[in-house]
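Shown next, in structure tokens, is the structure this report addresses.
Chain letters run A, B, ... following the sequence lines, proteins first, then strands; residues in each count from 1.
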Amino acid sequence: MATALPSQEGYEDDYDLDDVDDFDDFSDTIDYSHLNLNAIDYNELTATVENPHHIKNIQLNSNSLLTLTPEIDKFQSLITLELSNNQLVQLPHEIIYLKNLKNLYLKNNSLDDLSLPKDFDQLKQLEVINLGGNRFKQFPYQIFRMVNLKELYMGSNRITILPDLFQTLTKMEVLYLGGNQIGNIPDSIGYMDSLIVLNLCDNRLRTLPRSISRLNRLKSLSLHNNQFCALPPDIIRLDLQELSLRNNPLVVRFVRDLTYDVPTLKELAARTIKLHRVDYDDKSIPKCLIEYLNSAKSCLNPKCKGVYFESCHKNIKFVDFCGKFYLPLLQFLCSPACTPTSTCSMTTTNHSDDMNSKFKKVLLG
Amino acid sequence: MTETLLNTNMHDIHDIQLIRQKCVDNTAHLSTHPKSLNELIELLYEAFATNDVNIDYVHTIMNNYKGNVKEWAPFLKFQPNKYTRNLVDAGNGKFNLMILCWAESQGSSIHDHTNSHCFMKCIQGTLVETKYAWPKDGGENTETPMEIISRTELKDGKVAYINDSIGLHRVENPSHTDTAVTLHLYVPPYSHCSVFDERTGRTKEAHVTFYSINGLLTPSE
């Protein structure tokens, strides 16, 4: 490592060769950002660097790079690689050999479904990846095997469908999917137990899966600029601090489209049996009817003891938050006549006040 | 156009009358092109030295101030869940200068400005300001969607101005990939405002807080 200095009279005693090495290795960062570079190779990158193994941080953002040098894997200590705002169409396969890479920023490039190496998931220690502002039409499947990911940004791409595989990402805290064309949120999203921030704004969503209520660490939910008419009632159970709902059709259209299928005679009879707790067993009625009776679902009206089977009334209940905003929640009730004031059978409990206190602060449109 | 601030006592009123007699525009001698954030603040203090505030001058210097990222660095604090308000200078109670940091897709609620002047300069990224008309007062139980007056894009140092007589607004960062930063000046400062529900026009008081003051995080509630 020590390079011999040309001997000069009067200087040998003044120079400490170790200091010279330290000066070269002073920084663990290579910064060639904002330089309008079209390309940069390994030798150019390491021109002023004594030891590439000491480099932890490479900033190449805001250039015009079309490719990244395949010799990138020589920077074995690299933790952060900043490549945002370039024109990258492909990542070199060698990137998977960066065993210490934790943060990879690739926003605003020209990456598409074929740009990530097939074994991209070999970057097992990756924690933060930003793929926003690219041209992904499909959600990169390699991501689901990268279980140490904490933050994933996929904003402003062209994704329409989300695979139902999110349950593997149990360490993920921030998931940004805003600005795509996603029509449906899969059930597995509700199994990302560490999720704190979920951004789904600016998509084509109409509902959320019920599993969303499992996300008990979720603090921020962005749903604005979608097609939501109402939300699943389970959303009440979340301990949210921020919720954005602006620019959704919300209720007005939904209420107009509400229809109620009149229950069948079979259902009416079953409801009566359940309500009045008439005894039944497999000696008195056929087995298929027993299964039917056992499939009864409780009416969501807290004051109602009624049940329903196939025919339920979708009701919009407005839940009042912070004394001002009305959040429309979908409720499955046993009949349109079922309201808090007139029910199949009165109870004395009132759950609606509990719902108000569950939300701390709501940013409503 | 000058405006006299309220909350003056007899002493101040006498002073004002004296000054009025001497000159009409107390900012005529001041520079209109602040070259740094500190100079902008100095000019603001000068402009607010008396209780006569030349709002046109304030608008001019906010417009002309260019600045750079190094100056704003202590106030650039982004949060993943909500935009942050970072106080730069408390202006001796006569004005508040602050920097707001908007991460991707973050936006404000629709709000008023509690009788204050509000200048908003976009110093990084792009913001969309949607102005709304005041809801008509139909009583407690009417629900009428709020009416949009205008929608404008703010970037590259452009300054937007609003006060309650103009209307209400919502500000949001429309980008999913880039952050945005705004420099705000409120004359006088306020700590409460009203927020509005776009679908119904209903309103509620909101307490306005700072994420950081002079670059230091405020303790969370």
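Side-chain contact between Ser105(B) and Tyr176(A) is present, with heavy atoms from C-beta onward closer than 4.5 Å.
Annotation: Lys77(B), atom NZ; neighbour count of heavy atoms from other residues, nucleotides and ligands within 6.0 Å is above 12. Around the CD atom of Gln138(A), the shell of radius 6.0 Å holds no more than 12 heavy atoms that belong to other residues, nucleotides or ligands. Dense packing is recorded around CG of Leu217(B), with more than 12 heavy atoms of other residues, nucleotides or ligands lying under 6.0 Å away.
Interface residues of residues 173-183 of chain B toward chain A, defined by a heavy-atom distance below 4.5 Å and sorted by number: Ser175(B), His176(B), Thr177(B), Asp178(B).
From Gln79(B), atom CD reaches atom CD of Glu242(A) across 10.0 Å, with rounding to the nearest 0.5 Å. Here CG of Leu243(A) is found 12.5 Å from CG of Asn81(B). Values are rounded to the nearest 0.5 Å. Considering CD of Glu104(B) and CG of Asn130(A), their distance stands at 7.0 Å, rounded to 0.5 Å.
For a residue to count as touching a neighbouring chain, one of its non-hydrogen atoms must lie under 4.5 Å from one of that chain's; by this rule Asn199(A) touches chain B with the side chain only.
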Only distances under 3.5 Å count here; give the side-chain donor-acceptor pairs of residues 32-41 of chain B to other protein atoms, sequence neighbours excluded, each with its distance to 0.1 Å.
{"unit_1": "Ser36(B)", "atom_1": "OG", "unit_2": "Glu39(B)", "atom_2": "N", "d": "3.0"}
{"unit_1": "Glu39(B)", "atom_1": "OE1", "unit_2": "Lys35(B)", "atom_2": "N", "d": "3.0"}

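Under the rule for a salt bridge (charged side-chain N to carboxylate O under 4.0 Å, His left out), the partners of Asp193(A) that lie at least two apart in sequence or sit in another chain are Arg214(A).
Annotation: salt bridge (Lys or Arg N to Asp or Glu O under 4.0 Å) contacts involving residues 114-131 of chain B, sequence neighbours excluded, comprise Glu129(B)-Lys131(B).
Nearest heavy-atom pair across Arg246(A) and Gln106(B) is NH2-C, 4.5 Å.
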